[in-house]
Amino acid sequence: MTRGFKIPKRVTTEIDFEGEVIKIDAEVPEQEPEPIPEDKKLNIIGKKVPRINGEEIVTGKAKYAFDINLPGMLYGKVLRSPHPHANILNIDMSKAEKHPGVRAVINLNKKNVRYVGEEIAAVAAVNEEIAEEALDLIEVEYEKLPFVVNINRAMEPGAPRVSPDGNISKPRTRERGNIEDGFKEADVVLERTYKTQVEVHNCAEVHGSVAKWDGEKVTVWDTTQATHGVRRSLAKTLQLPESNVRVINHYMGGGFGSKLGLNVHTVAAVNLSKIAGAPVKIMLTRKEESYCVGNRPGTIQTLKGGAKKDGTITAFHYKSHNNGGVGSGGSNASPIWDMYQCPNCLIEESSVYTNTDASRPMRAPGYPQGTFSVDLFLDELAENLGMDPLELRRKNYTTKNRGGTGTPYSSKGLDKCYELGAQRIGWNRRNKKPGEGKGPIKRGIGMASEIWGGSGGPGTQLDFRLITDGVVEIRCGTQDIGTGTYTIIAQVAAEELGIDIKDIKVMIGDSDYPRSGSSGGSNTAASVCPAIRAAAADIKGKLFAIAGPLLGENPEELDVGESKIFVRNNKSKSISFKEACKQITEGMLTSNETRGPNPKGYAFSTFGAHFSEVEVNTLTGKVKVIRHVAAHESGRSINILTSENQIQGGTVQGLSYAFFEQRIMDEQTGKMINSNYYDYKTPTAMDTPQIEPIIIDSVDPVLNNLGMKGLGEPPRIPSHAAMANAIYNAIGVWIRELPITPDKVLAALEERKEG
Ligand code: MOS
């Protein structure tokens, strides 16, 4: 008896998203393509393939949200609080409404504002200048309230209250074993405090949205890491049916976590557009970008750890206070919790609330902070034990998560990263005694390790078509946030079908295409690519059903390559791929096959190790990074060029974190004083060393049909810690606070002289 329908399989998979475990419940296929064997010779996957749309991007043809200009379009601006903490007693918008050229004004109906930059109202006008003028005409009566923007001050008793429940949240704790027992077993116990600054995302492309109504339907071009996510949130916020909302994001100039969610200015653009009856564009200014759309929380971390004489770590006790602004300060603890073998571990982390913009995820949220403490700590521990820092890490190596107490990793190539990275930098050249170099300019070498998620997961849907002209069209609601998603999708499809990458048309970044997840947690590539491969394999089977009779062969015996379909055991018997496509009588073959869940019983992580060589001028305090080796294991690399690109970019961001970036708040006014690219320091090409990526191109044996993991965030995690350890090796003085500016180097050197 048939029911006339089929019940598909659904599976719940747990994946790591931005350091948090999330559950994905999704329909999965009955069958998946066999994993590609590690030794199989591939033509396009794992090669250096330039971006398929690189020319469009560099010639300015690619359309970013900023490039969307529509007939009759208005320009929106957001009125933001000039005060870090105030009650709003009254708003008078009448003058702004009457201002010539103004088409809509909306009040966000706030009773209270808690940071400089918090949104209060918004206007739309015929041009940006008039919109600015209109903001000035909105009269707001504030009752100013006491505020605090500094994390230390916020923790003092009697500090102005940011949150009614106090400025320090109840600690979030994690515990295993018993740290007291662990410390008793130790021969050496150290306790050190590490501090990191607030860093702002400062994406090259500012945030912005263009909204356009068409009857009951609204289309939004948005700078977002989550095309489908923003559609859903927008529909919910506006109480619209989801099918009436369309979100488009074809190109993006970086998000780094600041563009994961729905923004207030996006909702404002949609509402203004509705009132004005015209499309509205709101693009934030560089200044707004600095203090209104998130940041990486600053931290004060204390790590106490113990080890036996032979280097065996016995306990970690980690406490952290994270400056979350008016939001959560997140967590930094995973590198301490997971990375090194340690049976006894206690983690206590609190958010500290300040009158500043809420933190947001930022490229590997928490991990650069946690790595700064644990990897500097290990180097100091190694010195106390009279051990080589790399040997200490090898001594405490583990192939299971939770510091060796948890689940086995599906793959872990960190040992390879250690070996090849150490070789490349010349680890044995480092100072045996830190600071031993002669003369005022001293060199040193240091390293640090990386762990992150990036497994990807199921739930990507797509529409995969093979047309009679031999062209493949792929529609998928994922997005390319600057990482090369278009290109790796095309590579996987071309490889599986044995055809030229030019014949693959990739259409992504539109919620009208089937749903895929947000681009976060380094999960995009490993979520999308295996699904592409599954659909391509499905199409291949469908084409073989057509080609088999043409070749007089059983379709099961066919294979593809070099734009041909041939008989596996008799390559000379073949038909060109395009010729076979001409025989698709329906006009196209289609597939919406997708990838399966991640297997159970494993932990999935990515690994890496960075090695840095620095030169410290002990007269000026200036540090120059001479060379930086960045070794990463993220499973199979789909594209060596984009992988290297991620490694270069992540390392430069780490360099920037190590020496340059910091948000500076004025405690008198509660304002950020360096909210522009001139005062907010980042490295230039002159400050950037030679960066040497090493890609451990191994294949994860179980994770997915391509054996791949993500790589977007990993390179951002260890570089600054490797640099800080190298500075110690150069000068023999610890600097435990970021950014490592010349004044801190000189002060540390001075202290040593005095001590
Ligand atoms: Mo996340 S910080 O957007 O990868």
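None of these values were measured; they are calculated from a predicted model. Hydrogens, waters and symmetry mates are skipped; everything else that's a heavy atom, side chains included, is used. Counting begins at 1 with the first residue of the sequence. Both ligands and their constituent atoms are indexed starting at 1 by order of listing.
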Worksheet item: Is it true that the NZ or CZ of K681 lies under 6.0 Å from the centre of F659's six-membered ring and within 45 degrees of the ring axis?
Response: no
Worksheet item: Got the closest protein heavy atom to atom 1 (Mo) of ligand 1, with its distance?
Response: E18 OE2, 2.0 Å
Discussion item. A side-chain contact here means heavy atoms from C-beta on lying under 4.5 Å apart; do H632 and F607 qualify?
Written reply: no
Worksheet item: Quick one: which ligand 1 atoms are inside 4.0 Å of a heavy atom on E713?
Response: 1 (Mo), 2 (S), 4 (O)
Fill in: R296 charged N/C atom sitting above Y657 aromatic ring, 6.0 Å / 45°
yes
Worksheet item: For ligand 1, which atoms, with element, lie under 4.0 Å from some heavy atom of P361?
Response: 2 (S)
Worksheet item: Do any nitrogen or oxygen atoms of A364 lie less than 3.5 angstrom from nitrogen or oxygen atoms of ligand 1?
Response: no
Discussion item. Students should be able to answer this: which protein heavy-atom is nearest to atom 3 (O) of ligand 1, and at what distance?
Written reply: Q225 NE2, 2.8 Å
Worksheet item: What atoms of ligand 1 come closer than 4.0 angstrom to any heavy atom of M362?
Response: 2 (S)
Item to complete: Compute both the distance and the angle, then confirm whether R174 meets the cation-pi test with W337: under 6.0 Å from the six-membered ring centre, within 45 degrees of the axis.
Response: yes
Worksheet item: Quick one: is the NZ or CZ of R736 closer than 6.0 Å to the six-membered ring centre of F377, and within 45° of its axis?
Response: no
Practice prompt. Would you mind listing which atoms of ligand 1 come within a distance below 4.0 Å of any non-hydrogen atom of G257?
Written response: 2 (S), 3 (O)
Worksheet item: Applying a strict 4.0 Å limit to heavy atoms, is P365 in contact with ligand 1?
Response: yes
Worksheet item: Is the gap between the ring centers of Y251 and Y486 under 6.0 Å?
Response: yes
